[in-house]
Each structure stands twice: as structure tokens, then as C-alpha cells.
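Only one structure is covered here, and it is reproduced in the block below.
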Amino acid sequence: MKHGRFMVGLVGVAAVITYLVWTGVSSTMVYYLTPVELMERIEEDPSFRDLGVKVSGQVVKGTYHRVEGQLLHRFDIHDLEDESVTFTVEWRDALPDTFTEDVEVVLEGRLNEAGTFEATTLLTKCGSRFEAAPEDLAR
Amino acid sequence: MTVLGEFALWISLPVALWGMFLGFAGGRTQRGDLVLSAERSIYAVFLLHLVASIGVMAAFLGDKFEYWYVASYSNREMELFYKITGLWAGQRGSLLFWVLLLGFLSSVAVFTNRNKNREFMPYVAGVLQTIITFFIVVLLFAQVNPFERLDFIPANGQGLNPQLQNYWMTIHPPTLYLGFTAFTIPFAFAISALLSGRLDSRWIQLTRRWILTSWLFLSIGIVFGMRWAYEELGWGGYWFWDPVENASLLPWLTATAFLHSIQIQEKRGMLKVWNMSLVLVTFLLTIFATFLTRAGLIESVHSFAQNLQIAYIFLGFMGVLLALCTVLIIYRLPQLQSENQIESFVSRESAFLFNNLLLVGAAFAVMWGTMFPLISEGVTGQQISVGPPFFERVNFPIGLALLTLVGIGPVIAWRRATKKNLQRNFATPVVVGLVVAAALWIMGARHGLALVTWGISAFVLTVIATEFWKGTKARARIEGEGFALAFFHLVSRNRRRWGGYTVHVGFVIMVMGFAGAAYNVDTRHHVFPGDMVEVQSPLGHTYQLTYEGLSVSLGQGQRNLLWQIIATVSVNYDGRDVGILNTEKRRYVTSDQDMTEVGIRSTPMEDLYLILSAVDDTRGALGADSGAQGIDLQVLIKPLVGWIWFGTFMLVIGTVVALWPSADRRRSAAQTEADEAPSPLSAPAGSAG
């Protein structure tokens, strides 16, 4: 009898944790897409715009500028495979130190009606963040 | 020297293989000469790896850029300190460093057991050499050999990433690695127990110190990493739920569960299968963490270059270990029966079990969230990721439940708690918790989760303080000692118990610090020299920050520093001038990125955290153009951050108290023997399901 009640308690805790994980995933998950995939999705279903997504792309050289006094940064990114697919990104926060015009960035946010991506998180992604590529050493 | 090091690394492979074979063979045949040879092979491997590591260091110190590893992590201008720590700055060196530490700890384990516990040692040596062999194979054959040469000699190396040139970052990896590798020893003893059939709680008693040591270093290592993130990454946070952070948290969670569940096995002879599984899982997670850090399978701020080959090798090794150990546990199931069963839902056993379930549940949730992009890609072909909100949503409730158990577990009665026991122990603390929460509410704290956290924390602290007080008072009365002396004797007579309570106090203080994040203030300003910004802290203090201007210093390549632009801000705190705070942009010759150095002013209750987000005109500032001095300044107030570091300090003190060797060794040895005899509490073996 005591054993039974105990099992109910344990199963209950396990169930609660499973529930937390389950609802946690479904309410916080974001699609991780390339710019090409994002455009395709929006074409199929315009309401996809309102869904937050995670997008990775290459910063386009020469497009970065900072809007002075507003803490606003703008730059374009293009798809890694298809350079013709590109859009402007707006970032309203301090840029990470690793951000340069040569990096690949991973953004979270949404693409607004005007076709500008309003980013809420920005990570830079480069294999050489902490490790140099040996090819670069040849001088 | 370096060539010798490379040679030593190669030699260590046959030696380790030999030791592995002899260890297992010695265990089967019970031949002492084989076992002795196996044990000596561990010393030999350690010495060989010491030579190899010195070889790597010599290459760093001698600027030997023909080695890929040195060329990638050092350059001529780098400070001596970072050249020495270059051994663990990157993937290749740190794998060697890992196996060096493992060899050292293995040698300590073998040495301390050279005249005792001989029944365990053959297999212990065999298991340790197996793990060591695996890492040597990885080092030599998985394209991560630190001694790999380039086919040309670069004029200079690339230098260490400036973000890694930080005090905390040089001690964070070794500490964490000590924690990881130290856990291999309990794992080896557990496997040895399974192989030899000595399945009572002896292996646990023998490895208790190792488990605690491992846990201590894991804890410190994780906090060092947090400290580094807080000071160096420049966004004011200390935890990002990044895959690599998660990977170090996973073994910590299961090791914490293990630390608690072994007490049930020692006291009541229960949970034997569970403990075996936990030690196995924790060990695998330490390997997993090492591999995740160093393989870059999942995107992360720590990501090193992708190297899928090493990923497959690690996964294969973990899979094989998991399969073998599972088979072993199943084979020994009949001898792993519980000697007792849980008698009551309201008992210490039950509290410990729930603690375990919650910790393992948290580990599962963190694992799931970390691996989710890979899982979803495997299942649906579409990468879906979950971020910090997921981890917070899942782990905050689990954390609060755990926090509550920290208060309940230590004082609730074993076997069956009576109503009287509950009332006596918990009535006052519950009231204190409620009063604290209410008082904070009246003082204006409105964040629900933080209030609940602080309320429960007050409850737990009251429980523990009461225990200390009762113990001291009783001792003072019985022995007629003063309170200070009574307290000292109380703690030193049962270090495990009171050390454990101190660890709990540290943990609670840390959690209270975490909850302070609910009141973080984050403001951004665009300022020119002479501008003043006023920021209110949630604790009612007023900061008046006057931006004084920029100063520039050109390092001209010295210590790899090209230039630094320093923004000076004078701080007025509640109408009192308390000095200046600097925040900088730096450029190193080894990187084309600016580095931000933040300015932090810590007080016990809150940190003022300044970030130089951007300089209007970097070129102008460097050219001493006084007009180019406008900056973006981010001002953060971080309440209670200092509590996290202080809590960690308490946690370390508590663990050290619990670890401290007993004054009277013989007595404790006798005690252990007595423990092994069937205690009057034990029911006949095999009666439980």
C-alpha cells in the first residue's frame, strides 16, 4: 500500500517533468532555416511571417552601417548557397565582439512586411572563433 | 624536447594496452604479478604523458611554429603565462591534458591502494587503462595529434584568441577537466565491483572521497566558466544555456544525484542498481562533455572547428561502454537486490529519491533541449532549435522543488517520519519562509518566481541554522564547552554531515543570487563627454554616471595589443563620489575584431556593469580627434550577482570540510568495518522488489 502510493508519487514527478519538457519544446521551439527556405515558406503561407524563426546567413560586405545615437545596426545577409537571396537585418542592441562583415550570423526574429528581418538575438558563427584554420597560416 | 614528447606519446599506447590486458587477465587469474605489472603500467603511462605535455609546452615556449597546434594558438608576442597554458588552449592540447590528468589521478588511486583493497585493483587498473588507451588512440589517429607538423614553417603563429586571454579562462578548463577525470576513478571501482562480484557498498566507501573531489572540481569549474562569461563576454550574463555549458552541467546534475543516492545504499542497502546506473551515466556524460566541447557537433559559442571523425569515434566508444556496462549490470542483477524497502512516503529515503528523480529529470530535460536540433533534423529533416526560454521553463520549477527538498531532506526522519517529527522540524522554518516572502512583497518586490525562490530559501536556511544551533547547544550543555568550541567540535566530529549542510547553505545562497536576475536593469545611452546619466537600482540606490571622455593608448603590438580605447565614467552612488569605472574597446594584432572590456563595480547587494557598446568614430578617436568622442554606453544593474560567487565559496568550504581526512584514521577504518556488518535495521536481503 505504502509502496503503491510511493510509485504514484514517482510517476507523478516523472509525468510533470515530461509535461514541462513537452510544453516547453512546443512553446519555445523555432524553425532553423536558410534564407532560401524562409522565402519559400513565406511564399507558401504568408502567415509564416508572424512566426519567429532562426535564420543563418552570410553578412554582405559593405552593407553594414550603424545608425548613430539610436543603438540600431543594419546590414544585409545572403544565403550561403544562393547569393541572390538576400534581405536587410535590423539589430537593436550592442553587437557581439565577433561581428565583422566577414562572418556568418545566426539570427532569431521575424521578417516583417517590408522585407526587413527584425532580429532579437544575434550570434556569430565561424569555425575559427577559437581555433584558427591551418590554411590561413600559409603566407 | 618536443620530439621526445611525441615519441613518449607513441610509446604510451603499447604500454597502456599492455596494462589494460594485464589488469583484466590479472583479475581473472588472480595472479599478483600480473596485477602489479598492470598497476605499474599506470605510473609509466602517466610519466610518458608528462613528458609529452612538457614537449608541447617546450614547443610553445620555443615558438616552434612548424607544429600546427603551436602555430594556431600562439605567436612570438604572446605572454609567457599564456604560452604555458597553451597546453589546454585548444582541442588537441586539451585532449592530451585530459589524459595527463587522468593518468595522474589514476596513479594516485593505484598508489593509495597499493597495500589494501587488493580485490578491486586488477579490474580498476584494467578499466583505467582502457579509458586511457581510448584517449591515446584518439590523439594519435583522429587527426588531433598535437605534434602534427605543417609542411612549412610559418614566420609567426596566429596567437591566442583574445577572449581566451583571461585569468578565469586559463583556470576554468583544468578545473573542469579535473572534475571530469576524477569521476573515472569511481567508475573504475564500480565496474571492478561488477566484474569481481563484490557488490556490497564497499566500492562506494572506497570512492566517496573521489566522488566528492570530482563533484567539487566540477562545481568550481562550472562557476569559473560563469565568471569568465560575466567578465569577458560583455553582455552581463553568466549563463547562456549554450550546448557546451549544458554539457558541463549534465554530469554535475547526475553526480549530485549520485552523491545523495549512495547515502541510501550505505545506510539502508537500497538502490544498488540505480547507483550503478548513475555512476555509469555520469561517467559517460563526462566523456560526452569532453567530446561536445571538442567536436563542435552542435553550434555553440565554444564551437571549435567541425571534426566529424572525432565525433563518430567518441560516440562509438560511448555506445560500446554503455552496452558492455548494461550487460554487466543485468548479469549481476541477482546480487544487486535491495536489502530493504521504502516504508513511508514521508521519510528521508523518499526525500532522497525525489531529489534523485528531479536531478535526473533536469539532466534529461537539459540533454533533450541541447540535442533537440539534431533529433529534429534526424526525425523530420528540419532543424528546430529551442533556446534559453525552454531551459528556463523546464528547469525553474524543477529547481524550486529541489530547493525545497534541500530543506526537507536533511532533517526528516529515516524510514518513517511522524507528525511530531514534521511539526517540530518544519513549523518555524515554514513560518519564517512565509514571513520573508511577505516582507519582500511589502517592500515592493513583485516578481512572483523570485519571491517564491527567496521564500523557500529562507525556509531552507532556517532549517539548517536550527540544526547547527541545536547541535551546538546540546554539545555545549553536555560537554560544558563554550559555544565556539562546541560548534567546532560538533563539525569536526561529523564532518560529512555538517560539511554537507554548509554545501547546502552555499547552494541556497547561489540560488538566491540567480533569482536576483529577475530585477536586472538594462539601460542604453548615447553620450558625449560631460553628459550625465542617472540610473535607479531596484534596491533604491541612485547611480549618477558622468561620462568623462575617451583616452587612447597604442600598444604597438606589445603583448599582442594594437590599441585600446578607454571610456572613463565617474560614478556617484547615492550622492557620494565613489571613483571611476573604465570600459574599453581593444584591438589585438591577432584578430580583426574589436574586443569589449566591461567595467564592473561590485557591492554585496548589486553590481554596476558598464559596457562600451560602440564608439561613434573609432578612426577619429584613434587619431585623437576630440570631436569624435560620442559613445553608446550600456548601463546594467545586476542585483545579487555577488551572492553567486559567495555561495560558491561556501560550497567549496563545505565540501572541503566533508573531505578533510579524519584525525583518527584507525577509528574511521574500524567504523567502516562495523558498517559492513548487518545493521539491526536491515531486513533480510532480497525481500524488496
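Every chain is numbered from 1, with letters handed out A, B, ... down the list of sequences. A quick note: this is a predicted structure, and the numbers were derived from the prediction, not measured.
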Go through the atoms of [X] and report whether side chain, backbone, both or neither lie under 4.5 Å from a heavy atom of chain A.
X      : value
B:R524 : side chain
B:P388 : neither
B:F391 : neither

- Message: Using 30° and 60° as the class boundaries, would you call the ring planes of A:F75 and A:Y64 parallel, tilted or perpendicular?
- Response: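 The arrangement is tilted - the two ring planes meet at 30° to 60°.
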- Any idea how B:Y69 and B:Y73 line up, ring-wise: parallel (<30°), tilted (30 to 60°), or perpendicular (>60°)?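 B:Y69 and B:Y73: tilted rings.
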- Message: Under a 4.5 Å cutoff for heavy-atom pairs, which residue among A:D102, A:L95, A:T121, A:T100 has the most contacts with chain B?
- Response: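 That would be A:T100.
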- Task: Could you tell me whether the side chain of B:L612 reaches within less than 4.5 Å of the side chain of B:E597, counting heavy atoms only?
- Result: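 Sidechains of B:L612 and B:E597: no contact.
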- Message: Just so I know, are the side chains of B:K585 and B:T596 near enough to count as touching, which here means a heavy-atom distance under 4.5 Å?
- Response: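 SC-SC contact between B:K585 and B:T596 confirmed.
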- Message: Can you confirm whether more than 12 heavy atoms, excluding those of B:W368, are under 6.0 Å from its CH2 atom?
- Response: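 12 or below, so no.
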- Task: Report the C-alpha distance between A:I77 and A:F117 in whole Å, list the side-chain angles of each, state the deciding distance to 0.1 Å, and finish with yes or no for side-chain contact (heavy atoms from CB on, under 4.5 Å).
- Result: CA-CA 10 Å; A:I77 64 169; A:F117 193 87; over 6 Å; no
- Set of side chain to side chain contact (heavy atoms under 4.5 Å, CB included) partners for B:A614, sequence neighbours left out: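 For B:A614, the residues satisfying side chain to side chain contact (heavy atoms under 4.5 Å, CB included) (neighbours in sequence not counted) are A:R66, B:D632.
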- Message: Working note: A:W91 + A:L107, criterion side-chain contact (heavy atoms from CB on, under 4.5 Å); need CA distance, chi angles, decisive distance, verdict.
- Response: CA-CA 10 Å; A:W91 170 245; A:L107 307 162; 5.8 Å; no
- Task: Mind ranking B:S385, B:A365, B:G361 by heavy-atom pairs under 4.5 Å with chain A and telling me who comes out on top?
- Result: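 Option with the top pair count is B:S385.
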- Task: Can you tell which part of A:D93 gets under 4.5 Å to a heavy atom of chain B, answering side chain, backbone, both or neither?
- Result: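 For A:D93, heavy atoms of backbone and side chain both lie under 4.5 Å from chain B.
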- Message: I need the contact set between residues 15-29 of chain A and chain B: heavy-atom distance under 4.5 Å, sorted by residue number.
- Response: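 Counting heavy atoms that sit under 4.5 Å from chain B, the residues of residues 15-29 of chain A involved are A:I17, A:L20, A:V21, A:T23, A:G24, A:V25, A:S27, A:T28, A:M29.
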- Distance in Å, A:T116 OG1 paired with A:L111 CG, rounded so as to fall on 0.5 Å steps: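 CG of A:L111 is found 7.5 Å from OG1 of A:T116.
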